[in-house]
Chemist: 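First, the structure itself, so that you have it in front of you.
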Amino acid sequence: MKNKLCGIGEALIDFIPEVKGQRLKDVPSFKRVAGGAPANVVGAVTKLGIPSKFLTKLGDDPFGDYIVEVLDEAGIDTSNIARDKEGETALAFVSLASDGNRDFKFYRKNSADLRYSVEDIPADILNDCRMIHFCSVDLVESPMKEAHKKLIDMAIAQNVKVSFDPNLRFSLWDDLDQLKETVNDFLKYADIIKISDEELEFITGHTDIKDALDGLFADRAKYVIYTKGADGAEVYTRNGMVEASGYKIDVRDTTGAGDSFIGAFLYCLLNDEVEDLESVSDDTLRNYLDFANAYAANTTTKEGALAAMADRAEMDQWMKTLKK
């Protein structure tokens, strides 16, 4: 069945504090969890029941071993993850404020994922895929950026949908103008754009999503998904907008919340085998948003990213008791 999701980009180790509410310099101990935004998105889709695969390169080191084990356990196809003796598996240390929000410090000066190249992509990688997904962390000048371009070209040629969540990490870019230019270059290729309220002004120059729509829809985009954290989300099409309110819950950790949201939304499209994005009714899109909001909310009730994401049975049970 041609229904898989293929993700590309970084997979890394998030070290999260044992006790939140402290500045990063004051955290005495951490717990490791496998992360990386595109890996998290693929993990959400897989846990919910749609087979998925992931393209990256990891260091030939214990951290890389751990990530492969976690992805395997989640059910992700890791057969196309390359290993590298010259690069190292990336690490990120995360501090959690008392409200669950985060501060990052990355260690990826010689990161193996940036060494993933065009030559690492199998010619038949998308033969069983309906969609690809990527983010912006691995779009710095590197072989991995060129690999993204290659996979996107392959997807467009094979009528495979392209999903892009910029998921900005400013500290990883020496030149923020270059980050903005790169993100806007890659937005042109996306059928589905997910952008948060915190990212809108930097990427588009507008503070109101409605003012940014003409630019975002200037090329291939069919959906612009605008997320507002606990306040819910909106999906814009060329013909209108639908929205769904968020869920008020006790937040434990926001790590992976945005990734789980877009993963759940993509799962809905894949599960329904949507061929024409513009043919989906407003009611169906609203249901997709509501499910994605609920899935992200559920993820924030637990620590970690991929490890915190629910399977479909858990979500069905949880939504029966959930109230807005």
Side-chain angles (χ1 to χ4, degrees), residues 4-13 34-43 52-72 76-92 106-169 171-175 178-179 181-190 259:
K4 291 184 179 179
L5 173 69
C6 179
I8 184 171
E10 79 280 5
L12 48 78
I13 304 288
N40 291 337
V41 173
V42 169
S52 301
K53 61 183 71 173
F54 192 59
L55 307 183
T56 194
K57 185 172 284 189
L58 298 170
D60 188 14
D61 54 38
F63 291 126
D65 295 341
Y66 172 67
I67 290 174
V68 171
E69 289 176 4
V70 172
L71 299 187
D72 280 336
I76 299 167
D77 179 353
T78 61
S79 61
N80 293 289
I81 293 180
R83 305 299 293 272
D84 192 284
K85 293 184 181 298
E86 301 299 323
E88 299 171 340
T89 302
L91 309 178
F106 290 91
Y107 289 84
R108 47 184 287 119
K109 294 296 186 183
N110 186 36
S111 191
D113 52 294
L114 297 178
R115 296 167 59 86
Y116 189 86
S117 69
V118 168
E119 289 73 22
D120 291 311
I121 302 177
D124 62 350
I125 192 66
L126 297 181
N127 285 0
D128 56 357
C129 293
R130 188 183 295 269
M131 189 180 296
I132 68 169
H133 178 79
F134 67 101
C135 303
S136 73
V137 164
D138 269 7
L139 297 182
V140 296
E141 292 302 323
S142 65
M144 178 57 112
K145 180 180 180 181
E146 298 307 310
H148 276 70
K149 291 179 180 178
K150 174 65 175 178
L151 187 69
I152 292 166
D153 287 345
M154 292 170 63
I156 292 172
Q158 297 178 48
N159 198 30
V160 172
K161 294 174 180 62
V162 178
S163 168
F164 180 27
D165 175 5
N167 195 52
L168 302 177
R169 294 292 178 261
S171 63
L172 294 177
W173 292 75
D174 295 328
D175 184 342
Q178 183 64 40
L179 168 59
E181 180 181 345
T182 299
V183 167
N184 278 281
D185 283 345
F186 277 84
L187 286 174
K188 299 173 184 176
Y189 304 110
D259 305 332

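All values below were derived from every heavy atom in this structure, side-chain atoms included, with hydrogens, water molecules and symmetry-related copies excluded. Here the structure is a predicted model, which means the values were calculated and not measured.
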Chemist: For the pair R108 and D113, find out whether any cationic side-chain nitrogen is under 4.0 Å from an anionic carboxylate oxygen.
Modeler: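 Counted as a salt bridge, because a side-chain N and a carboxylate O are separated by less than 4.0 Å.
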Chemist: Please walk me through it: do V183 and F164 pass side-chain contact (heavy atoms from CB on, under 4.5 Å)?
Modeler: CA-CA 9 Å; V183 167; F164 180 27; 4.2 Å; yes
Chemist: For atom NZ of K145, is the number of surrounding heavy atoms from other residues, nucleotides or ligands below 6.0 Å larger than 12?
Modeler: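 Count over threshold, so yes.
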Chemist: So how far is it from D61 CG to Y66 OH, rounded to the nearest 0.5 Å?
Modeler: 13.5 Å
Chemist: Just by distance, do the side chain of S142 and the backbone of V140 share a donor-acceptor pair under 3.5 Å?
Modeler: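 Yes, the answer is positive, given that a donor and an acceptor are paired below the 3.5 Å cut-off.
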Chemist: Please check if the side chain of K53 supplies one atom and the backbone of C129 the other of a donor-acceptor pair under 3.5 Å.
Modeler: no
Chemist: Checking D185 against T182: is there a side-chain donor and acceptor pair closer than 3.5 Å?
Modeler: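 No, because no side-chain N or O of T182 sits under 3.5 Å from a partner of the opposite role on D185.
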Chemist: Could D138 and R169 be called an ion pair, given the rule that one side-chain N must be under 4.0 Å from one carboxylate O?
Modeler: no
Chemist: How many angstroms lie between atom CG of L126 and atom NZ of K4, to the nearest 0.5 angstrom?
Modeler: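 If we round to the nearest 0.5 Å, L126:CG and K4:NZ are 11.5 Å apart.
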Chemist: Kindly determine whether K150 and E146 satisfy side-chain contact (heavy atoms from CB on, under 4.5 Å), including the steps that lead there.
Modeler: CA-CA 6 Å; K150 174 65 175 178; E146 298 307 310; over 6 Å; no
Chemist: Going by side chain to side chain contact (heavy atoms under 4.5 Å, CB included), I81 matches just one of L55, I76, L71, D120. Which one?
Modeler: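 So, applying the side chain to side chain contact (heavy atoms under 4.5 Å, CB included) to I81 and each of L55, I76, L71, D120, only L71 qualifies.
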Chemist: Can you label the angle between the F186 ring and the H148 ring as parallel, tilted or perpendicular, going by 30° and 60°?
Modeler: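 The rings of F186 and H148 stand perpendicular, inter-plane angle above 60°.
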Chemist: Could you give the distance from CE (M144) to OG (S117), rounded to the nearest 0.5 Å?
Modeler: 9.5 Å
Chemist: Check V70 against A34 and note the closest heavy-atom contact, atom names and distance.
Modeler: CG1-CB, 3.7 Å
Chemist: Is the side chain of S163 donor-acceptor paired with the backbone N or O of H133 at a distance under 3.5 Å, no angle test?
Modeler: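 Absent.
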Chemist: Could you report the tightest heavy-atom contact between T56 and G9, atom names first, then the distance?
Modeler: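 What the structure gives for the nearest pair is OG1-O, 2.6 Å.
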Chemist: Mind checking the NZ-CG spacing from K109 to L114? Nearest 0.5 Å is all I need.
Modeler: 11.0 Å
Chemist: Within a radius of less than 6.0 Å around OH of Y189, do more than 12 heavy atoms belonging to other residues, nucleotides or ligands occur?
Modeler: no
Chemist: Sub-3.5 Å donor-acceptor pair from the side chain of D84 to the main-chain atoms of G87, do we have one?
Modeler: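 It does hold such a pair.
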Chemist: Identify the two heavy atoms, one from N80 and one from P122, that lie closest to each other, and give their separation to 0.1 Å.
Modeler: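 In this case the closest contact between N80 and P122 is OD1-CG, 3.3 Å.
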Chemist: Do you know the tightest heavy-atom contact between G35 and N40?
Modeler: CA-OD1, 3.6 Å
Chemist: For D259 and V41, work out which heavy atoms get closest and say how close.
Modeler: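 Smallest heavy-atom distance, with atoms named: O-CG2, 3.6 Å.
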Chemist: For a 4.5 angstrom cut-off between non-hydrogen side-chain atoms, does N127 reach Q158?
Modeler: yes
Chemist: Is the shortest heavy-atom distance from the side chain of K149 to the side chain of V118 under 4.5 Å?
Modeler: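 No, side chains not in contact.
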Chemist: Roughly how far, to the nearest 0.5 Å, is CG of D77 from CG of D72?
Modeler: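 The CG atom of D72 sits 8.5 Å away from the CG atom of D77.
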Chemist: Inspect the surroundings of CG in D174 and state if more than 12 heavy atoms from other residues, nucleotides or ligands are less than 6.0 Å away.
Modeler: no
Chemist: Give the C-alpha distance, both sets of side-chain angles, the deciding distance and a yes or no for side-chain contact (heavy atoms from CB on, under 4.5 Å) between L139 and F134.
Modeler: CA-CA 9 Å; L139 297 182; F134 67 101; 4.2 Å; yes
Chemist: Apply side-chain contact (heavy atoms from CB on, under 4.5 Å) to residues I8 and I132 and explain how you reach the verdict.
Modeler: CA-CA 8 Å; I8 184 171; I132 68 169; 5.9 Å; no
Chemist: Any donor and acceptor pair, going by atom type alone, linking the side chain of T89 with main-chain N or O of G59 inside 3.5 Å?
Modeler: yes
Chemist: Minimum heavy-atom separation for A11 and L58, please, with both atom names.
Modeler: O-CD2, 3.7 Å
Chemist: Rounded to the nearest 0.5 Å, what separates atom CD1 in I67 from atom CZ in F54?
Modeler: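 Answer rounded to 0.5 Å: 9.0 Å.
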